[in-house]
2 protein chains.
Amino acid sequence: MKIATWNVNSIRTRLEQVINWLSENPVDVLCLQETKVIDQGFPLNSFENLGYHPYIYGQKAYNGVALISSQPLEDVSMGFCSVLKDLDPTWDEQKRVISGVIDGVRIVNLYVPNGSSVGSEKYEYKLRWLKVLGKYLQQLLLSNPAISMCGDFNIALEDIDINDKVKIENHIMASDAERQALKDVLDLGFADAFRKFNQEGGNYSWWDYRTAAFKRNLGWRIDHHYLTPVIYERAQSCIIDVAPRKLEKPSDHTPVVVEF
Amino acid sequence: MKIATWNVNSIRTRLEQVINWLSENPVDVLCLQETKVIDQGFPLNSFENLGYHPYIYGQKAYNGVALISSQPLEDVSMGFCSVLKDLDPTWDEQKRVISGVIDGVRIVNLYVPNGSSVGSEKYEYKLRWLKVLGKYLQQLLLSNPAISMCGDFNIALEDIDINDKVKIENHIMASDAERQALKDVLDLGFADAFRKFNQEGGNYSWWDYRTAAFKRNLGWRIDHHYLTPVIYERAQSCIIDVAPRKLEKPSDHTPVVVEF
DNA sequence: GGTAACGACG
DNA sequence: CGTCGTTACC
């Protein structure tokens, strides 16, 4: 099974690129982040015409996630609150979580808050959000131990996931508290699929639009696939496909594909 | 001599199309309207690299005209006021007029105000602007009887210049007062080059972006070449080149080329 | 429908 | 740098 994650930074702006990529890179599920469109504006037809089944969870201007599945998904759920019944419903105001089951595997697609800068209001929200994510996954694990979680985590777990031109010290996406919050989540039983196959630095999935970061390969590896043991054991590859980032008017992120 | 007029609706957005067109359609002078950029932002190099001499007169966001000449122009003048010394300088706040001499022929490039709707403040401005234009041309004619005036006139002089789906009655760009104001100007000795060669309707130079007007050929002929007798007599052709309007992300206007 | 400017966000 | 939302203009 092939699962791809791609923060497309607006599905409407990137539609042609996404459709082209998907045509040449068929996957079982394509997990999109930052679709940046309300559900009525999502280009469902483009994916249906390719034979895919889109499941969308969007909002105006910001955030927004989607699952583009080769076959109908089971038990699709949008947001945290449909899984965590007692959770404050404001946690679902930002559309950052969508999940569904394919061939017995639960796919969880996340757009983790960026956090703006260390110590900011948004940073605190990011940390709290990761705590909620932990509870959400605990709940999901109760009914299904086979989870493939992916998305834009907006966190580089290790220093080798970041180009060395960056002053990592207290940098957003690299601060200790963020990393620890993510590690706490992963301690539920998730392992990084990419690191099963590759121990090298210099592998990035995101390059800032500013300062010509891509041309200078000043990137970050912040888009991940995290797998629970039953899935991790059978994982065969995890590849960052840099090609889409080279196109005209690209997303700042590029797809990452895991096969298991 | 070949003179082209083209309202490009932003030279920065349309640069590639304009350069491609000019490469395949060399002219002596290309007259641009709605460049929509201040002079520091005008892509001079792109034209210079093609061997042309650009003369620009732009402003922020709106209006803006330019002469792109195959050879250096003489006696280039920007705006009304440099010709009409006693004119209120506010007439040059909107950049709509540029002129220069090539091979003894004065080229006048205009972006006539649109006028918004009949009876509006902007409509009155359009009528007053055309009166000033008349005085401007009178002054120019004193020193040179050979004038080739072109541009986006935002006026369809005859009903056959407008598709018949439009209710012409008091429509902006077709009202009696506008037509009369333009006719008063033309009475100084200008004749419509296009009508020397073509008496048919259905020939348009502008199609509204809205309502799929181009696909349905619901256009207007509002981009004109008006020639004084010495030039008009030797005119050999006047062609509307519809091709650029068929491209992706086109201007709403297409080039009109006169040869004399 | 498609320009541009501006401010917010990343 | 490059999204979006807004406003203004055509």
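- B:N9 places no side-chain N or O within donor-acceptor distance of the main-chain N or O of B:E34, the cut-off being under 3.5 Å.
- To the nearest angstrom, P of C:dG2 lies 15 Å from CD of B:E34.
- In this structure, B:D252 places its CG atom 9 Å from C1' of C:dT3, rounding to the nearest Å.
- Residue-environment remark: CG (B:D176) stays at or below the threshold of 12 foreign heavy atoms within 6.0 Å.
- Going from atom OH of A:Y57 over to atom CG of A:L67 covers 12.5 Å, rounded to the nearest 0.5 Å.
- Here the C1' atom of nucleotide C:dG1 and the NE2 atom of B:H253 are 13 Å apart, to the nearest Å.
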Any N/O pairs under 3.5 Å between the protein and nucleotides 2-5 of chain D? List them or say none.
unit_1: D:dT3; atom_1: OP1; unit_2: A:R14; atom_2: NH1; d: 3.1
unit_1: D:dT3; atom_1: OP2; unit_2: A:K249; atom_2: NZ; d: 3.1
unit_1: D:dT3; atom_1: O5'; unit_2: A:R14; atom_2: NH2; d: 3.4
unit_1: D:dC4; atom_1: OP1; unit_2: A:S10; atom_2: OG; d: 2.9
unit_1: D:dC4; atom_1: OP1; unit_2: A:T13; atom_2: OG1; d: 3.4

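- As rounded to whole Å, 16 Å separates atom P of C:dT3 from atom CG of B:L32.
- Here A:K167 contributes atom NZ and A:I162 contributes atom CD1; the two are 13.0 Å apart, rounded to the nearest 0.5 Å.
- Taking atom CD of B:Q17 as the reference point, atom C1' of C:dT3 lies 13 Å away to the nearest angstrom.
- In this structure, CZ in B:R245 is found 6.0 Å from CG in B:D252, a value given to the nearest 0.5 Å.
- Atom NZ in B:K126 sits roughly 14 Å away from atom C1' in D:dC9 (whole-Å rounding).
- For B:F42 and C:dA4, the CZ to P distance is 13 Å, given to the nearest whole Å.
- In this structure, A:Q94 atom CD and C:dA8 atom P are separated by 18 Å, rounded to whole Å.
- At least one donor-acceptor pair closer than 3.5 Å links the side chain of B:S205 to the backbone N or O of B:I222.
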